S.K.: 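Before I ask anything, here is the structure I am working with.
A, B, ... follow the sequence lines: proteins, then strands. Residue 1 opens every chain. Please read these numbers as outputs of a predicted model, since none were measured by experiment.
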There are 2 protein chains.
Amino acid sequence: MKVCKDGFQKEFINDQTDMYTIAFTQNILSGRWKYFILWYLKGHTRRYSDIKAFLGDLSQGSLSKQLRELEKDGVIKRKVYPVVPPKVEYSLTDKGTALMPVLDAMNSFGKTFGEQADIIRE
Amino acid sequence: MKVCKDGFQKEFINDQTDMYTIAFTQNILSGRWKYFILWYLKGHTRRYSDIKAFLGDLSQGSLSKQLRELEKDGVIKRKVYPVVPPKVEYSLTDKGTALMPVLDAMNSFGKTFGEQADIIRE
DNA sequence: CAGAATCCGCCGCGATACTG
DNA sequence: CAGTATCGCGGCGGATTCTG
């Protein structure tokens, strides 16, 4: 069984096609904040500072890393305006938009089964 | 911002309802093998050894842990037969079946955008 | 056959400090 | 404003060992 550089499960490549495709998607979405970033970008173009404000307390380092990974995977687009102070806008690519059904399904599931009592434990 | 015991993002509970529901779902699915276990159980009742064989090389300890978590979250059902040697069968609950649209969406996305060259890096 | 218990390595994430 | 660089910890997952 092959193991990927990034240590994730990419090994289901042969007959088990579904396993491969799910692993592929999971890989793009794996990360502490990626679901939320993508959801927040749904239908909008947002500035770096807006994303940061929306997500609350996460360090700039973490956010930048997540954004870079999403960009590398081709699901978000980064547009830099050569102004001072800097201005950078993020938006979904077509590929990123194609991920929305996944988030919609997760949202729908959570709406049905998620109850506050089950979640907040502190 | 509240932080949960298990260290995951459950803090989006107030106005940002979607964030909460997505976090809720993400939480159930977070884990190295859970997507694959659930997918393998889709429409079938499977024995422990079958799941193990399907997933290939993962340790029994890891598998048991994932299964216990999925059971605790109420998405899979565990049935023990009091025979020797032991026989245990796993299947999806209704709640687990309700997760299938998420996996279907991931599978669909992967089918469209996942290319072998993008995935296998070793 | 289907696990429980234990120990351990790794890396993802956050915190902090610094830059153009 | 929007990053980059570095460091350190915690927790997940894997390996191993032991049971009914």
Side-chain angles (χ1 to χ4, degrees), chain A residues 1 3-11 23 26-37 45-73 76-91 121-122, chain B residues 1-11 23 26-37 41 45-73 76-91:
Chain A
M1 178 179 281
V3 174
C4 240
K5 269 186 187 169
D6 56 350
F8 227 99
Q9 57 273 31
K10 308 293 187 44
E11 55 270 11
Q26 183 184 7
N27 224 240
I28 292 179
L29 290 176
S30 73
R32 179 72 174 73
W33 302 94
K34 289 183 183 172
Y35 292 91
F36 308 110
I37 294 172
T45 295
R46 311 278 199 178
R47 296 190 59 172
Y48 180 91
S49 51
D50 293 331
I51 301 174
K52 172 105 178 54
F54 174 71
L55 293 178
D57 50 30
L58 87 166
S59 62
Q60 294 165 337
S62 297
L63 178 54
S64 294
K65 199 156 119 188
Q66 305 274 322
L67 288 171
R68 260 183 284 123
E69 289 178 10
L70 288 170
E71 192 191 1
K72 179 173 66 60
D73 287 329
I76 66 172
K77 208 168 6 193
R78 184 168 175 267
K79 180 167 187 184
V80 183
Y81 295 86
V83 295
V84 178
K87 175 180 174 182
V88 180
E89 285 182 347
Y90 292 92
S91 58
R121 299 169 192 170
E122 180 195 7
Chain B
M1 178 178 282
K2 292 176 186 172
V3 173
C4 240
K5 269 185 187 170
D6 56 349
F8 226 98
Q9 58 273 32
K10 305 296 186 45
E11 56 268 11
Q26 182 185 8
N27 223 242
I28 292 179
L29 290 175
S30 73
R32 178 73 173 73
W33 302 93
K34 290 183 182 170
Y35 293 90
F36 307 111
I37 294 172
L41 289 179
T45 295
R46 312 276 198 179
R47 296 191 58 173
Y48 180 91
S49 52
D50 292 332
I51 301 174
K52 171 104 178 57
F54 174 70
L55 294 177
D57 49 31
L58 87 166
S59 62
Q60 295 166 336
S62 298
L63 178 55
S64 294
K65 202 154 105 185
Q66 305 274 322
L67 287 171
R68 261 183 283 123
E69 290 177 10
L70 288 171
E71 192 190 2
K72 179 176 64 64
D73 287 330
I76 67 172
K77 208 168 7 191
R78 184 167 176 268
K79 180 167 185 183
V80 183
Y81 295 86
V83 295
V84 178
K87 175 180 174 182
V88 180
E89 285 183 345
Y90 293 92
S91 57

S.K.: Under 4.0 angstrom, heavy atoms only, what part of the nucleic acid is B/Lys65 near: base, sugar-phosphate, or nothing?
M.R.: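 Answer is base: heavy atoms of B/Lys65 come under 4.0 Å of a base.
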S.K.: Considering residues at least two apart in sequence or located in another chain, which fulfil the salt bridge (charged side-chain N to carboxylate O under 4.0 Å, His left out) criterion with A/Lys65?
M.R.: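 Once residues adjacent in sequence are excluded, A/Lys65 has no partner under the salt bridge (charged side-chain N to carboxylate O under 4.0 Å, His left out) criterion.
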S.K.: OP1 or OP2 of C/dA4 versus the side-chain N and O atoms of B/Arg68: is any pair under 4.0 Å?
M.R.: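 For B/Arg68, the contact criterion (side-chain N or O under 4.0 Å from OP1 or OP2 of C/dA4) is met.
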S.K.: For the pair B/Ser30 (side chain) and B/Asn27 (backbone), establish whether a donor and an acceptor sit closer than 3.5 Å, ignoring hydrogens and angles.
M.R.: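 Yes.
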S.K.: May I have the distance from B/Leu67 (atom CG) to D/dC12 (atom P), rounded to whole angstrom?
M.R.: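 After rounding, the gap between these two atoms is 17 Å.
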S.K.: Without decimals, in angstroms, what is the distance between A/Leu63 CG and C/dG12 P?
M.R.: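 Those two atoms, CG and P, are 17 Å apart.
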S.K.: With sequence neighbours left out, what residues match B/Val83 under side-chain contact (heavy atoms from CB on, under 4.5 Å)?
M.R.: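 If we apply the side-chain contact (heavy atoms from CB on, under 4.5 Å) test to B/Val83, skipping adjacent residues, the hits are B/Tyr81, B/Lys87.
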S.K.: Round to a whole Å and report the spacing from CG of B/Asp50 to P of C/dG3.
M.R.: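 So the two atoms are 12 Å apart, to the nearest Å.
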S.K.: Taking B/Arg47's backbone N and O only, do any of them form a donor-acceptor pair with B/Lys52's side chain (distance below 3.5 Å, no angle check)?
M.R.: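 Checked: no pair found.
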S.K.: A/Tyr90 pairs by side chain to side chain donor-acceptor pair (under 3.5 Å) with which of A/Arg46, A/Arg78, A/Lys77?
M.R.: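 The single option meeting the side chain to side chain donor-acceptor pair (under 3.5 Å) with A/Tyr90 is A/Arg78.
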S.K.: Mind running a 4.0 Å heavy-atom check of residues 76-84 of chain A against DNA chain D and sending the residues that fall below it, in number order?
M.R.: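 Listed by number, they are A/Arg78.
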S.K.: Roughly what angle, to 10°, lies between the helix axis at the start of the helix from C/dC1-D/dG20 to C/dG20-D/dC1 and the one at its end, five pairs per end?
M.R.: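 Axis-to-axis angle, ends of the helix: 40°.
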S.K.: State whether B/Ser49 places a side-chain N or O below 4.0 Å from either non-bridging phosphate oxygen (OP1 or OP2) of C/dA2.
M.R.: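 Looking at the OP1 and OP2 atoms of C/dA2, one of them is under 4.0 Å from a side-chain N or O of B/Ser49.
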S.K.: For B/Tyr48 and A/Gln66, take the nucleotide of DNA chain C holding the closest heavy atom to each; which residue's nucleotide lies nearer the 5' end?
M.R.: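 The residue whose closest nucleotide sits nearer the 5' end is B/Tyr48.
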S.K.: Does A/Trp33 put a side-chain nitrogen or oxygen below 4.0 Å from OP1 or OP2 of C/dC13?
M.R.: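 Answer is no, no contact under 4.0 Å.
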S.K.: Output the rounded distance in Å from CD (A/Glu89) to P (D/dC1).
M.R.: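 Value for this atom pair: 15 Å.
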S.K.: Is A/Glu69 touching bases, backbone alone, or none of the nucleic acid, heavy atoms closer than 4.0 Å?
M.R.: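 Counting heavy atoms under 4.0 Å across all strands, no contact is made by A/Glu69.
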S.K.: Take atom CZ of B/Arg47 and atom P of C/dC1, then tell me their distance rounded to the nearest Å.
M.R.: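 In whole Å, C/dC1 P and B/Arg47 CZ are 8 Å from each other.
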S.K.: Check salt bridge (charged side-chain N to carboxylate O under 4.0 Å, His left out) between B/Lys34 and all other residues, then give those that pass, not counting sequence neighbours.
M.R.: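 Checked B/Lys34 against salt bridge (charged side-chain N to carboxylate O under 4.0 Å, His left out); matches are B/Glu69.
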S.K.: Measure from CZ on B/Arg46 to C1' on C/dA2 and round the result to the nearest Å.
M.R.: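 The distance from CZ of B/Arg46 to C1' of C/dA2 comes to 18 Å, rounded to the nearest Å.
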S.K.: What string of B, S and - do you get for nucleotides 15-20 of chain C 5' to 3' if you count protein non-hydrogen atoms under 4.0 Å?
M.R.: BB---B
